[in-house]
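The block underneath contains the structure these notes are about, expressed in structure tokens.
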Amino acid sequence: MRAADTATREPGHDFIRDIVQDDLASGRHKTVVTRFPPEPNGYLHIGHAKSICLNFGIAREFGGRCHLRFDDTNPTKEEQEYIDAIERDVRWLGFDWGKHLYHASDYFETLYGWAEHLIKAGKAYVDDQSQEEMRANRGTLIEPGRNSPFRDRSVKANLDLFRRMRAGEFPNGARVLRAKIDMGSGNINMRDPVLYRILHASHPRTGDKWCVYPSYDFAHGQSDAIEHITHSICTLEFEDHRPLYDWFIENLPVPSRPRQYEFARLNMTYTVLSKRVLTLLVRDGHVSGWDDPRMPTIAGLRRRGVPPAAIRDFVRRVGVAKANSTVDYGMFEFSVREALNRTARRRMAVLRPLKVVIENYPEGQVEELEAVNNPEDESAGTREIRFSRELWIERDDFMENPPKKFFRLSPQKEVRLRYAYFLTCREAIKNAAGEVVELRCTYDPATRGGNAPPDGRKVQATLHWVSAADAVDAEVRLYDQLFAKPDPDAANFAADLNPNSLEVLAGCKLEPALVAGNSSDPVQFERQGYFCPDRDSTPGRPVFNRTVGLRDTWAKVSAR
RNA sequence: UGGGGGAUAGUUCAACGGCAGAACAGCGGACUCUGACUCCGUUAAUCUAGGUUCGAAUCCUAGUCCCCCAGCCA
């Protein structure tokens with residue numbers, strides 16, 4: 001596991017870490033053992049990252065270990081692709097399960113034996129009711145259920161039927177194995193929950209060996225016990241499964257007694273973290289795939305250029321508690337910018353180009369000017385950038401009739417070209433439609449390198465630019481929120497999709513250093529944001545993704 | 001009308017009977033060859049009503065509001 005990136009900060013504690021600490025201090029446990037238990041039926045998202053950081057983080061902080069365990073009890077929904085993606089994403093986030101990679105399916109034989117154990121103890125029975133009958137007899141939230149007519153079968157009959165279920169004698173849905181607990185319980189999970197169902201389906205790991213599969217409830221706690229998990233940490237919706245979790249631990253000859261603790265799952269504004277919805281977004285083509293840079297999946301964030309350290313930092317800031325909450329997306333962006341600011345090389349790129357011709361700059365002359373790679377990191381060094389008579393600047397950096405607070409270029413106004421010269425706009429040339437298509441400007445040779453001239457003249461703005469003769473054309477993809485509303489409706493998510501979540505810019509002008517070396521590292525386009533090369537790039541056509549924009553005070557001021 | 005949880009600045013999280021604090025967001029300023037970064041300042045909260053106590057966010061009582069549970073999903 002990688003060293004804490006937050007070493008200089010408070011260690012950070014929460015009610016779960018408090019419990020772990022107490023259990024260690026009191027001697028209840030010698031070491032802490034946690035687990036991250038994904039079901040391989042989709043890709044991991046930022047909500048899972050919270051659980052991953054919690055479980056692996058606790059193991060690291062308290063000198064214990066954390067298992068990666070696939071909760072693969074439903075072969076009708078699970079696929080090898082997801083298994084591979086999950087392993088890749090957990091590793092990428094910076095965590096390592098060592099040799100502790102497990103699957104609930106590793107325990108199918110043991111689990112099956114424990115089911116027979118329950119039958120022999122008179123605590124489980126085979127139920128022949130149809131799904132509809134079971135539902136009808138389960139009662140409601142306020143009315144108790146009714147016992148199944150098959151509830152009092154003999155142990156012998158139950159054993160025989162259950163073994164024939166396993167042998168494949170019955171079709172899907174014909175019978176289930178149920179625990180005999182209490183159909184009158186106020187907790188619906190205790191109303192004779194299903195332990196095994198018949199599923200004639202091929203499993204990614206066990207193939208066709210089984211046609212009965214344990215339910216989540218019958219597999220999870222027992223898997224924890226087999227692995228000697230000390231603290232089984234899950235989300236709030238499993239809180240009322242805990243009595244059932246404990247019931248199995250108490251009624252089965254399990255090798256250890258894990259305990260379950262629940263915390264509130266992560267929610268973010270403008271974001272849906274529901275595997276069902278994410279799956280539909282992919283399936284119905286609303287996004288290009290699980291790793292579409294607009295997706296809140298780990299794979300999407302990675303392609304977007306978000307560093308794993310930013311995700312860890314975000315999760316740490318959000319904290320762990322039991323109250324349902326929705327985190328402001330801005331808090332995530334803050335963590336992303338903070339991580340990138342320290343590490344990203346600075347480069348210049350013009351996204352929406354406007355031609356500048358410097359009338360007093362000699363035709364054919366080219367100069368090499370020195371530029372800093374990262375002001376936050378001197379060891380990143382410097383690079384040379386070429387300057388010439390014709391340049392590209394950002395369209396947004398020129399206004400013919402600027403408002404009062406506009407510091408950038410306008411007719412007769414002087415600005416600095418970053419690392420180059422002071423530049424004054426002399427004339428804006430328009431096309432027939434009245435659009436500005438070119439700026440005629442002059443420069444001051446006394447300001448070489450961007451330094452203030454001897455007369456002490458100052459300038460209000462510094463613009464980025466790219467030499468036209470040297471610029472590399474590129475495609476740049478700008479992303480906005482996938483959803484237009486801060487609280488999208490998961491039940492009808494398509495209606496809340498942001499139609500402008502992707503903006504593709506062609507003909508962007510890059511400084512050549514951006515395509516030299518073929519690096520996949522994140523970069524800052526100065527004054528604009530953090531970007532990273534996309535895997536769609538080809539040698540002739542680089543493609544960049546905007547990870548996140550820079551904080552933009554001007555945009556806020558100009559909007560008022 | 002059942003069972004299980006939860007309510008502290010706009011947001012997220014602390015405070016574990018003893019001065020309600022942080023981060024993000026906001027606002028104002030300083031600095032600046034990125035309207036970035038950084039720095040400084042600042043606005044802003046204990047769900048309600050009672051009670052116990054020298055003292056209550058914290059303990060007790062009664063309410064209010066919010067979330068989860070009726071898959072052979074996890």
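Because only heavy atoms are used, hydrogens play no part in the values below, and waters and symmetry mates are left out as well, while side chains stay in. Below, chain A is the first sequence line, B the second, and so on; all start at residue 1. Since this is a predicted model, take the numbers as computed values, not measurements.
Among the protein residues, Val459(A) comes within range of no part of the nucleic acid, since none of its heavy atoms lies under 4.0 Å from any strand. Tyr329(A) comes within contact range of no nucleotide atom at all, as no heavy-atom separation falls under 4.0 Å. No contact: Glu78(A) has no heavy atom under 4.0 Å from any strand. Residue Arg191(A) is out of contact with every strand shown, counting any heavy-atom pair closer than 4.0 Å.
Here, rU58(B) and rA20(B) have their P atoms 13 Å apart, quoted to the whole Å. Between the C1' atoms of rA22(B) and rU8(B), the separation comes to 13 Å (whole Å). Comparing the same atom, C1', in rG28(B) and in rU43(B) gives a spacing of 10 Å after rounding to whole Å. When the P atom is used for both rU46(B) and rG41(B), the distance is 25 Å, rounded to whole Å. Rounded to a whole angstrom, the distance from the P atom of rC47(B) to that of rU12(B) is 14 Å. Comparing the same atom, C1', in rA45(B) and in rG10(B) gives a spacing of 10 Å after rounding to whole Å. When the C1' atom is compared between rG21(B) and rA15(B), the two are found 7 Å apart, to the nearest whole Å. For the P atom pair drawn from rA23(B) and rC40(B), the interatomic distance equals 10 Å after rounding to whole Å.
Distances shown here put every side-chain N or O of Arg265(A) at or beyond 4.0 Å from the OP1 or OP2 atom of rC67(B). Between Arg551(A) and the phosphate of rG35(B), there is no side-chain N or O to OP1/OP2 separation shorter than 4.0 Å. Contact check, Thr462(A) against rU32(B): no side-chain N or O comes under 4.0 Å of OP1 or OP2. An OP1 or OP2 oxygen of rA22(B) is reached within less than 4.0 angstrom by no side-chain nitrogen or oxygen of Arg316(A). Distances shorter than 4.0 Å separate none of the side-chain N or O atoms of Ser185(A) from OP1 or OP2 on rG3(B). When the side-chain nitrogen and oxygen atoms of Arg197(A) are compared with OP1 and OP2 of rC73(B), one or more of them lie within a distance under 4.0 Å. Contact annotation: Lys322(A) does not reach the phosphate of rG4(B) (side-chain N/O to OP1 or OP2, under 4.0 Å). Between Thr326(A) and rU12(B) there is no side-chain polar atom (N or O) within less than 4.0 angstrom of OP1 or OP2.
Judged by ring centres under 5.5 Å apart and planes tilted less than 30 degrees, Trp554(A) stacks against the six-membered base ring of rG35(B).
Side-chain N/O atoms of Gln524(A) and base N/O atoms of rU34(B) include a donor-acceptor pair closer than 3.5 Å. Contact of Asp18(A) with rC16(B) (side chain to base): a donor-acceptor pair of N or O atoms is detected under 3.5 Å. A donor and an acceptor atom sit less than 3.5 Å apart, one in the side chain of Asp240(A) and one in the base of rG3(B). Between the side chain of His241(A) and the base of rA74(B) there is at least one donor-acceptor pair of N/O atoms closer than 3.5 Å. Evaluation of atom-type donor-acceptor distances gives no pair under 3.5 Å for the side chain of Arg135(A) against the base of rG71(B).
To the nearest angstrom, P of rC68(B) lies 18 Å from CZ of Arg242(A). The interatomic distance linking Ile142(A) (CD1) with rC68(B) (C1') rounds to 17 Å, in whole Å. In this structure, Lys77(A) places its NZ atom 4 Å from C1' of rC73(B), rounding to the nearest Å. Going from atom OH of Tyr213(A) over to atom C1' of rC72(B) covers 14 Å, rounded to whole Å. Between Arg317(A) atom CZ and rC24(B) atom C1' there is a gap of 8 Å when expressed in whole angstrom units. One atom, CD of Glu394(A), and another, P of rU34(B), lie 17 Å apart when rounded to the nearest Å. For the pair Leu199(A) CG and rG71(B) P, the computed distance is 17 Å after rounding to whole Å. The CH2 atom of Trp247(A) sits 22 Å away from the P atom of rG3(B) (whole-angstrom rounding).
Comparing Phe332(A) and Ala264(A) by the nucleotide of RNA chain B that holds the closest heavy atom to each, the one mapping nearer the 5' end is Ala264(A). Each of Leu141(A) and Gln460(A) was matched to the nucleotide of RNA chain B holding its nearest heavy atom; the match closer to the 5' end belongs to Leu141(A).
In this structure, rG51(B) shows a glycosidic angle more than 90 degrees from zero, which is the anti conformation.
Closest to the side chain of Ile188(A), from the set rA70(B), rA36(B), rA74(B), is rA70(B). When distances are taken from the side chain of Asn74(A) to each of rG5(B), rG6(B), rA74(B), the shortest belongs to rA74(B). With distances taken from any side-chain atom of Ser325(A) to the nucleotides rC73(B), rU34(B), rC13(B), the minimum falls on rC13(B). Ranking rA74(B), rC72(B), rU34(B) by closeness to the Arg418(A) side chain, first place goes to rU34(B). Nearest nucleotide to the Arg527(A) side chain, out of rA36(B), rA74(B), rG35(B): rG35(B). Listed nucleotides: rG5(B), rU12(B), rG35(B). Nearest to the side chain of Glu239(A): rG5(B). In the set rA25(B), rA70(B), rA74(B), rA74(B) carries the atom at the smallest distance from any side-chain atom of Phe238(A). Among rA7(B), rG26(B), rU34(B), the nucleotide with an atom closest to any side-chain atom of Ala323(A) is rA7(B). Between rC13(B), rC72(B), rA74(B), one nucleotide has an atom nearer to the side chain of Met134(A) than all others, and that is rC72(B). Residue Asn324(A) places its side chain closer to rC67(B) than to any other of rC67(B), rC16(B), rC72(B).
In this structure, Gln222(A) contributes its side chain and Phe218(A) its backbone to a donor-acceptor pair below 3.5 Å.
Comment: Asp444(A) engages Arg457(A) in a salt bridge, judged by a side-chain N to carboxylate O separation of less than 4.0 angstrom. Ion pairing between a basic and an acidic side chain is recognised when a charged N comes within 4.0 Å of a carboxylate O; Asp246(A) and Arg242(A) show no such pairing. Arg527(A) has no carboxylate O lying under 4.0 Å from a charged side-chain N of Glu394(A), or vice versa, which leaves the two without a salt bridge. Look at Asp192(A) and Lys180(A) and you find no salt bridge, because none of the NZ, NE, NH1 or NH2 atoms lies under 4.0 Å from a carboxylate O.
Ring geometry for Phe238(A) versus His241(A): interplanar angle over 60°, hence perpendicular rather than tilted (30 to 60°). In this pair, Phe525(A) and Phe531(A) present their aromatic rings parallel. The plane angle is below 30°, not in the 30 to 60° band.
For the residue pair Tyr261(A) / Glu239(A), no side-chain donor-acceptor distance below 3.5 Å is found, with atom types taken as modelled.
No cation-pi contact links Arg416(A) to Phe422(A), judged by a cut-off of 6.0 Å to the six-membered ring centre and 45° from its axis. The cationic group of Arg166(A) lies under 6.0 Å from the six-membered ring centre of Tyr112(A) and within 45° of the ring axis, placing it in a cation-pi geometry.
When base pairs are accepted only as Watson-Crick or G-U wobble with both N-N or N-O distances under 3.5 Å, RNA chain B takes part in stems of 3 or more pairs at B:2-7 with B:64-69, B:10-13 with B:21-24, B:26-30 with B:38-42, B:47-51 with B:59-63.
Other residues, nucleotides and ligands place more than 12 heavy atoms under 6.0 Å from the CZ atom of Arg337(A).
Side-chain contact between His45(A) and Leu278(A) is present, with at least one heavy-atom pair separated by less than 4.5 Å.
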